[in-house]
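None of the values given here were measured: they were computed from a predicted structure. Below, all heavy atoms of this structure are taken into account, side chains as well, without hydrogens, waters or symmetry copies.
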Amino acid sequence: MVDVGRHAGVSAKTVSRVFNDEPHVSDAVKRRVREAADALNYHPNVFAQSLVRRRSHLIGLVYEKPSASYVVELQMGVLDALLGERYRLIVIPVRSVHDNAHDVVGLLRAAALDGVVLAPPASDHPVILAQLAAAGIRFARVAPLRQLELGASTIIDDVAGARAVAAHLLALGHRDIGIVKGDPGHAASDARLSGYGQAFRAAGCEMRLDWIETGNFTLEGGTEAGARLLDRADRPTAILAQNDEMAVGVMMAARERGLSLPDDLSVAGFDDSEVSRIVWPRLTTVRQPVFDMAVAATEMLVAELEGRPGARHSHHDNQLLIRDSTVAPRSAGPGGA
């Protein structure tokens with residue numbers, strides 16, 4: 001900094017103020033200092049700055065084994081929100097939030113994070129939320145369904161989205177509808193199941209509990225759950241999967257059994273992940289604006305860290321996308337059974 005100051009004709013303290021974005025430094029001085037730094041190939045030591053300020057300017061993103069496209073949308077949203085900010089992203093995948101909840105906050109504290117964005121199911125885990133609050137680590141939550149008063153959060157109505165996609169299949173005339181549920185530890189699994197149930201009751205038909213299988217939000221789980229449903233003597237004419245990865249797994253199981261899609265089996269997913277748009281037939285699904293939710297959560301977290309005023313909650317709409325994977329069952333016309 002002494003060399004940069006000498007080159008720019010200012011003191012080392014002024015150089016420090018420029019690189020720390022402190023007020024009361026003229027634009028002309030800032031320009032001279034940055035030009036001098038470029039000429040001397042000088043870059044501030046961010047670790048030394050962190051020690052002095054007792055701030056790391058690191059933000060963590062915690063998620064658990066969701067689909068690859070979901071993770072990409074999350075990361076891209078956080079990174080987009082951090083453009084122009086002085087915070088950097090640390091990605092922290094967790095194999096099982098349920099099994100490692102007590103270790104997660106210790107990991108975050110060891111990483112010296114200023115704040116953390118929590119994706120489901122960490123965004124709903126009471127142990128993680130309580131321990132973060134006790135440790136004084138600021139957090140923002142993506143799509144929480146419980147304790148919404150805790151921390152900043154981006155909110156979406158999983159119940160309404162699930163109700164819409166189930167109502168679509170019922171309107172086509174399907175009554176024999178199987179369900180592939182996600183991870184039982186995720187609040188979204190129960191919320192989406194509740195939405196399906198509302199659509200069934202509105203249509204005056206029963207949601208059969210023996211046609212509900214668990215797929216744990218994975219492609220493999222969806223394939224196995226789909227196989228169990230399709231190997232039944234009374235197999236369903238349509239299957240609702242609680243995410244797109246499991247829906248594609250169901251489609252794989254159907255093709256292995258020689259079924260034609262969607263004529264022999266209609267399949268619907270949830271998320272509108274990339275795979276839903278490239279699989280054939282293209283998948284009917286519910287769009288979750290994961291990127292937008294990650295952006296909003298990160299912006300609220302940064303605003304809190306910087307002491308800026310702003311909203312604490314952000315509401316996002318989902319959207320039913322009807323594509324090629326759902327048609328009326330062979331035994332029913334387009335108006336229903």
Side-chain angles (χ1 to χ4, degrees), residues 59-66 70-71 73-74 77-78 81 92-109 111 113-163 181-198 216-217 242-243 270-271 286 288-305 307-318:
I59 285 179
L61 170 62
V62 175
Y63 64 85
E64 174 193 283
K65 62 176 183 187
Y70 187 92
V71 172
E73 290 287 298
L74 276 174
V78 175
I92 305 172
V94 180
R95 184 178 298 276
S96 170
V97 167
H98 177 74
D99 294 338
N100 299 284
H102 289 281
D103 299 327
V104 169
V105 176
L107 179 64
L108 298 178
R109 294 184 70 168
L113 302 175
D114 287 343
V116 60
V117 176
L118 300 172
S123 58
D124 271 317
H125 202 288
V127 171
I128 291 175
L129 297 177
Q131 290 190 2
L132 283 174
I137 299 175
R138 308 290 180 87
F139 57 87
R141 305 159 66 192
V142 175
L145 291 165
R146 303 167 182 155
Q147 297 179 282
L148 300 183
E149 73 281 1
L150 298 180
S153 60
T154 59
I155 300 168
I156 193 165
D157 193 340
D158 280 281
V159 174
R163 183 173 62 241
K181 188 178 177 181
D183 188 329
H186 289 227
S189 295
D190 288 337
R192 293 174 191 178
L193 194 63
S194 175
Y196 296 157
Q198 290 179 12
N216 291 309
F217 287 130
Q242 290 192 340
N243 79 343
F270 205 106
D271 282 342
V286 176
Q288 278 200 108
V290 177
F291 177 90
D292 296 337
M293 288 191 290
V295 168
T298 307
E299 288 178 343
M300 286 188 286
L301 177 59
V302 171
E304 184 176 356
L305 291 171
R308 304 172 193 159
R312 295 282 289 162
H313 303 288
S314 173
H315 293 263
H316 299 261
D317 295 327
N318 48 40

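- Taking both residues in full, the closest heavy atoms of Ala122 and Leu118 are given as O-CD1, 4.0 Å, listed atom of the first, atom of the second, then distance.
- Closest approach of Arg109 to Ile137, counting heavy atoms only: CG-CD1, 3.7 Å.
- The shortest heavy-atom contact between Pro120 and Tyr70 is CD-OH, 3.6 Å.
- With hydrogens and angles left out, the side-chain atoms of Asn318 and Gln288 include no donor and acceptor closer than 3.5 Å.
- Using a 4.5 Å heavy-atom cutoff, the side chains of Leu61 and Val116 are not in contact.
- Atom-to-atom distance recorded for Ile59:CD1 and Leu305:CG is 5.5 Å, nearest 0.5 angstrom.
- When atom types are taken as modelled, the side chain of Gln198 and the backbone of Arg163 share no donor-acceptor pair closer than 3.5 angstrom.
- Looking at every heavy atom in both residues, Ala81 comes nearest to Glu299 through CB-CG, 3.8 Å.
- A pairwise comparison of heavy atoms in Leu301 and Ala140 identifies CB-CB, 3.9 Å as the closest pair.
- Rounding to the nearest 0.5 angstrom, the gap separating the CE atom in Met293 from the CZ atom in Arg141 is 13.5 Å.
- Across His313 and Gly151, no two heavy atoms sit closer than the pair CE1-O, 3.7 Å.
- To the nearest 0.5 Å, the span separating CD1 on Ile155 from NE2 on His315 amounts to 4.5 Å.
- Asp158 has a carboxylate O that lies under 4.0 Å from a charged side-chain N of Arg192, or vice versa, which qualifies the two as a salt bridge.
- The side-chain heavy atoms of Leu74 and Tyr63, taken from C-beta on, include a pair separated by under 4.5 Å.
- Taken to the nearest 0.5 Å, the CG atom of Asp317 stands 9.0 Å off from the CG atom of Asp157.
- Atom CZ of Arg146 is separated from atom OG of Ser123 by 9.5 Å, given to the nearest 0.5 angstrom.
- Counting heavy atoms from C-beta on, the side chains of Pro144 and Ser153 come closer than 4.5 Å.
- Between the side chains of Glu64 and His98, no donor N or O sits under 3.5 Å from an acceptor N or O.
- With Asp271 contributing its side chain and Asn243 its backbone, the two residues share no donor-acceptor pair below 3.5 Å.
- Gln242 contributes atom CD, which lies 6.0 Å from atom CG of Leu193 (distance to the nearest 0.5 angstrom).
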